[in-house]
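Working notes for the structure below.
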Amino acid sequence: MISDKLKSVILNELHLEGYEINDETQANQIPGWDSLNHINVILAIEKAYNVRFKRLEVLKCKNIGDLQKLCDLKTTS
Amino acid sequence: MEFKTVWSRWEENARVTPGKDAIVHWIAGEEPFRWSFDELLKTANAFSVQLLNQGIKPNQVCAIIIRHNRFFYPLYMGIVGIGAIPAVLAYPNPRLHPDKFRDGIRGMSQRSGLDWIFTEDSLEPVLTPLLVNSTIKGMHFPLQWDLTFRDANIEKELDEIRINRLGTDPFLLQHSSGTTGLQKPVLLSNRAVLEHVDNYAQAINFSQDDKIVSWLPLYHDMGLIAAYHLPLAYGITSVQIDPFEWVLVPSLLLEAVSKEKGTVAWLPNFAYNMMADKIPDDELEGFALDSWRLVINCSEPVRHESHVRFFNKFNKFNFKQSALSACYAMAETTYAVTQTIPGSIPVELSMDRLKLAQGFVETTQDFAKARICVSSGKVIKGCRVRIVDENRKDLPAGRVGEIAISSVSMFDGYRNYPEKTSDVLQDGWYYSGDYGFVYNEEYYIIGRKKDIVIVAGNNIYPEDVEDIVSKVEGVLPGRVVAFGFDDESLGTEVLAVLAESNLETLGDKKHLKVRIQEAGLKNDIAISKIYLIPARWLIKSSAGKPSRKANKERIIQPNEFLVE
């Protein structure tokens, strides 16, 4: 399940306080998460979790739930 | 060698260099698929046979709505091969509401007279309602076709079509700028495209050793003409990257250039910033960009700062400063009008900003007053350019005016849109709506006549945005202004909205902002900045409508606090 931390990082980066997102939400359903902002969101997540994603790993994420799993994997390995 | 049609030029390339890579279809993290000129033409021919078998006729308009797929290219060519007219349309972004997508296609169909749609089966439920009461005769799923199908009678018919095809016959339909419903259909002949291939190839010193690498979408003239048709007709290789993948992983372009020894690319200005600022160095380990001889900035105003950032970032990966380049182009002239000289950095002028705004071309050494203007180069062969005033009369040297173009590769007018055609086309001159000036035979584009906002290479009409936002509950209808503003860090314009509302609490206003963003999202428009303002705040123009210019100036006044 998507953590409060990941939710907060994404919504803060997009200035969307209070917006509802869950595991199934796709990036392109979130206001402001467009082609220009995508990398900013990813960089913000990397900074918050102190991890580095390989860009192809991010490309394979279909929704926020996948992104959460990737964060979990990176922080436990 | 003279060619009557683009198809005959493709045939010649397949005959002369059958085994050479024509298109390298790039997929992130996988081995690319390579089409040789010979195999590509054979597969295109197989599509042509199937198309005739399905009842498609010459001169019918065939819209292609397919994601990044290796069979896109031979399908497109196969349509050309039967004398039908391909029109590449954008595959809908999942954020776009299906009704809006259908409205857009319906609008195009009314203007362009779309006859057939070639798409993927996943879009069938979305597109089926369009088949009622429209010009569209049917929908096909060509990725499922049997390409081994043969029929002697059809092949005979095909030969006859190709023999009788003329240079003046229509070749392709591309849609010029604009948000979906307002796109203008530009029909180009075989001759226009063939002339452009030769003239532009000469301007950029094309040779058989060149290799194009591109992530540009093929529904955009820069992707379709520069990065697809130009190499395909000239007989050189192009590497095609999925635009959706590039947006998520911008280093894909550099990986492809490094691995494939790419030599030429076209990019909109925002891509320079994105790649310079957002790709970490460790992602570029082992990349070498020394093969790149031309990276051509086009389709957005060219920014000095973006070129500096790009060079500073990639210099250590052997990127040559002399590869920085620029051109000025538009769908109405097939593509390029001007181009900087290959191998020399675009000329930059320090111009007096105030004088420019008054319409005068004057250089200055005073940095505080200066605007750095980057040249888009000299006029290419086959084109002529004039700088004209509001009455379309030539302006003397040293003046800023509208750019008018005459070209051997000119369109014949917007298809089924005579009123729009007569607005912009007069006595063989196309009046572009762009403002600029000429200095030492080099052209500088500095603004636009209309309030179009160019966000990352996409043209957005403020009227569309104002209409969408006006309908959001909580916004006072008709009391909205949309405009663009420069985002230096992104290297592009972004969209801002001023909307009057009677809502008072902070919570209500926050929710309204989200609703406005969502409304934009459903129309595939990203609104970067939303200002909520009280009723009667907006300044009206003399025509009684809220003025974009005056309200933009008012909102950016630093001392005026009117929004939360």
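Letters go in sequence order (proteins before strands), and every chain restarts at 1. The basis for the numbers below is simple: all heavy atoms, side chains too, and nothing from hydrogens, waters or symmetry mates.
Stacking of A:K5 on the aromatic ring of A:Y49 is recorded, both the 6.0 Å distance cut-off and the 45° axial limit being met.
For B:T492, the part sitting under 4.5 Å from any heavy atom of chain A is the side chain, from C-beta outward, and nothing else. When heavy atoms are compared at a cutoff of 4.5 Å, B:L521 approaches chain A solely by way of its side chain, counted from C-beta outward. Residue A:I30 touches chain B through its backbone alone, counting heavy-atom pairs closer than 4.5 Å. Neither the backbone nor the side chain of A:N37 comes within contact range of chain B; no heavy atom of the residue lies under 4.5 Å from a heavy atom of that chain.
Looking only at heavy-atom pairs under 4.5 Å with chain A, the residue among B:H511, B:K522, B:M274, B:K278 that has the most is B:K278. In terms of heavy-atom pairs under 4.5 angstrom with chain B, the leader among A:R52, A:K60, A:Q29, A:K54 is A:R52. When each of B:A526, B:P280, B:G507, B:A456 is scored by its heavy-atom pairs under 4.5 Å with chain A, the top score falls to B:P280.
Side-chain contact check for A:I64 versus A:W33: some heavy-atom pair is nearer than 4.5 Å.
Residues B:E518 and A:Y19 bring a donor and an acceptor atom of their side chains to less than 3.5 Å of each other.
Among residue pairs with one or both ends in residues 242-256 of chain B, those qualifying as side chain to side chain donor-acceptor pair (under 3.5 Å) are B:S251-B:E283, B:E255-B:K259; sequence neighbours excluded.
Using modelled atom types, no side-chain atom of B:D486 and backbone atom of B:E488 make a donor-acceptor pair closer than 3.5 Å.
Looking at A:E20 and A:K7, a side-chain N of the basic residue comes within less than 4.0 Å of a carboxylate O on the acidic one, giving a salt bridge.
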